[in-house]
Structure formats: C-alpha cells, structure tokens
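So the structure is just underneath, and the comments pick up after that.
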Amino acid sequence: MEKIKANPFAIVIWVILSCVIHIILFKAKVDFDYKIWQRILITIIAIIFTLPTHELIHFVFMKMFFKGDVKIKIIKDSLGIPTLATLAQGEAKKRQRIIMYLAPLVFLTLLPDIIFGFCTKVHLLFYIVPICNSAGCFYDVVDALMVAKKNR
C-alpha cells in the first residue's frame with residue numbers, strides 16, 4: 001500500500017477514474033448553460049470550497065474520536081506543494097480511524113451523488129465539488145485500506 005500511495009501514476013489513474021465516473025453518471029443532468037468564463041469561475045470556486053470543507057470534515061470526526069490535540073495546518077504534500085491537512089495526536093480505534101479517513105468521501109462525494117440520482121438538473125458548482133473531492137480522496141482511501149489491513 002505504501003508503494004501505491006507514493007506512486008504518482010496511481011494518483012493520476014484515481015483522478016481520471018473519479019472524473020470519468022462522474023461524467024458518465026451525471027453529465028446529462030448538469031446545467032452547462034454558462035459562458036466559458038462563468039464555468040471557469042464556478043470551477044475555481046468549487047476547488048476553493050472543497051479542500052477546506054474536506055479538511056473540516058476530517059477535523060470534526062477527529063475531534064469526536066481523538067482525546068488529544070487536533071489541528072488544521074498548512075503542510076507540504078509529497079510533491080512539495082503547500083496544502084491543508086488535519087493533524088491529531090493520540091490514539092483512536094481501528095474502526096474510528098477508517099471512519100475519519102472516509103468521512104469526506106461520504107459527505108462530499110457519495111451523499112451528493114446519491115442526491116443527484118433523484119434530481120433532474122444539477123448546478124455546475126454542485127457537480128464539480130464531488131469530482132474535486134473524490135479526486136482528492138486518494139490518500140484517504142489508501143490510508144483507510146492500510147488501517148483496515150492492520151491487525152489491531
């Protein structure tokens with residue numbers, strides 16, 4: 001799993017699959033009646049909204065499960081790019097750790113996707129947020145799988 005986590009090719013595949021799945025499932029429902037500059041602006045807003053919200057969801061679940069200190073900080077990722085991250089000290093049970101890792105995927109991607117299934121039209125912003133979030137959940141999913149594989 002560590003090799004997959006460190007492999008940039010695996011991240012690219014994950015991002016492409018996330019985008020393709022959402023395009024296949026929901027493109028017909030999305031309202032694209034915007035000028036190109038409006039689409040670009042909506043996409044930028046979605047990206048700016050998604051990361052802090054994703055980390056806030058991690059923060060809320062970590063606060064529920066960890067007894068120690070929980071913080072949202074700016075750190076450099078594996079590629080050296082500054083990004084937000086939620087950090088916690090202390091211990092949590094295996095099940096709780098998996099929930100913490102997967103909560104943003106559930107609340108910002110899967111839940112909206114289920115709701116979209118019942119909608120006739122979806123605003124472009126609400127279409128892009130789940131795509132951005134699912135694309136950004138690669139490390140969360142790999143970390144959850146690593147925790148699930150551990151014995152304790």
Side-chain angles (χ1 to χ4, degrees), residues 1-27 29-30 41-119 121-152:
M1 282 295 170
E2 284 293 334
K3 287 182 182 179
I4 291 172
K5 192 174 174 181
N7 186 342
F9 185 68
I11 298 167
V12 170
I13 296 296
W14 176 269
V15 170
I16 290 170
L17 281 174
S18 297
C19 293
V20 168
I21 289 168
H22 279 88
I23 289 168
I24 290 169
L25 291 176
F26 303 113
K27 186 178 180 217
K29 294 184 175 199
V30 178
L41 183 62
I42 289 169
T43 302
I44 292 168
I45 290 168
I47 291 168
I48 291 171
F49 166 82
T50 303
L51 182 61
T53 306
H54 175 106
E55 291 305 322
L56 185 62
I57 293 169
H58 280 309
F59 180 83
V60 167
F61 279 86
M62 286 182 180
K63 275 291 204 190
M64 287 189 323
F65 296 136
F66 279 102
K67 302 291 185 238
D69 196 22
V70 180
K71 296 178 188 175
I72 296 178
K73 294 178 100 176
I74 296 176
I75 63 165
K76 289 190 179 184
D77 69 3
S78 59
L79 300 173
I81 299 168
T83 188
L84 286 175
T86 306
L87 307 170
Q89 294 178 347
E91 279 295 315
K93 295 176 183 167
K94 182 178 179 176
R95 178 183 52 82
Q96 292 172 331
R97 293 180 78 82
I98 293 170
I99 290 169
M100 287 183 287
Y101 284 129
L102 297 181
L105 181 67
V106 170
F107 288 104
L108 284 179
T109 300
L110 299 179
L111 191 59
D113 287 352
I114 291 167
I115 293 168
F116 294 165
F118 297 103
C119 297
K121 276 284 190 197
V122 176
H123 189 280
L124 183 60
L125 177 71
F126 299 115
Y127 173 66
I128 295 173
V129 167
I131 292 173
C132 293
N133 187 65
S134 66
C137 282
F138 174 77
Y139 292 119
D140 294 338
V141 171
V142 172
D143 287 340
L145 290 171
M146 287 170 51
V147 169
K149 277 182 73 173
K150 285 185 180 177
N151 289 336
R152 57 171 207 133

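For the single chain, residues carry numbers from 1 onward in sequence order.
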Answer yes or no: is there a side-chain heavy-atom contact under 4.5 Å between [X] and [Y]?
X: Met146; Y: Val142; answer: yes
X: Ile128; Y: His22; answer: no
X: Phe61; Y: Met64; answer: yes
X: Pro52; Y: Leu84; answer: yes
X: Val141; Y: Tyr101; answer: no
X: Ile42; Y: His123; answer: yes

Short question: side chain of [X], backbone of [Y] - any donor-acceptor pair under 3.5 Å?
X: Gln96; Y: Lys93; value: yes
X: Lys76; Y: Thr83; value: no
X: Trp14; Y: Phe9; value: no
X: Lys73; Y: Leu87; value: no
X: Thr109; Y: Asn133; value: no
X: His58; Y: Met100; value: yes
X: Glu55; Y: Thr86; value: yes

### Query
Taking it one step at a time, do Phe26 and Asp113 satisfy side chain to side chain contact (heavy atoms under 4.5 Å, CB included)?
CA-CA 8 Å; Phe26 303 113; Asp113 287 352; 3.5 Å; yes
Mind checking the [atom1]-[atom2] spacing from [X] to [Y]? Nearest 0.5 Å is all I need.
X: Ile131; Y: Thr50; atom1: CD1; atom2: OG1; answer: 10.0 Å
X: Ile57; Y: Leu102; atom1: CD1; atom2: CG; answer: 12.0 Å
X: Ser18; Y: Ile23; atom1: OG; atom2: CD1; answer: 10.5 Å
X: Leu111; Y: Leu105; atom1: CG; atom2: CG; answer: 11.0 Å
X: Leu110; Y: Ser134; atom1: CG; atom2: OG; answer: 8.5 Å
X: Leu56; Y: Leu51; atom1: CG; atom2: CG; answer: 11.0 Å

Around [X], counting heavy atoms of other residues, nucleotides and ligands shown, do more than 12 lie under 6.0 Å from its [atom1]?
X: Ile74; atom1: CD1; result: no
X: Lys121; atom1: NZ; result: yes
X: Phe126; atom1: CZ; result: no
X: Lys29; atom1: NZ; result: yes

Minimum-distance pair of heavy atoms, taken over all atoms of [X] and [Y]:
X: Ile98; Y: Ala144; result: CG1-O, 3.9 Å
X: Phe66; Y: Ala88; result: CD1-CB, 3.6 Å
X: Pro112; Y: Val106; result: CD-O, 4.2 Å
X: Ile45; Y: Leu125; result: CG2-CD1, 4.0 Å

### Stepwise side chain to side chain contact (heavy atoms under 4.5 Å, CB included) check, Phe138 with Val15
CA-CA 8 Å; Phe138 174 77; Val15 170; over 6 Å; no
### Task
Could you give me the CA-CA distance, side-chain angles and deciding distance for His54 and Cys132, then say whether side chain to side chain contact (heavy atoms under 4.5 Å, CB included) is met?
CA-CA 10 Å; His54 175 106; Cys132 293; over 6 Å; no
### Task
Show your reasoning for whether side chain to side chain contact (heavy atoms under 4.5 Å, CB included) applies to Lys27 and Tyr127.
CA-CA 8 Å; Lys27 186 178 180 217; Tyr127 173 66; 4.2 Å; yes
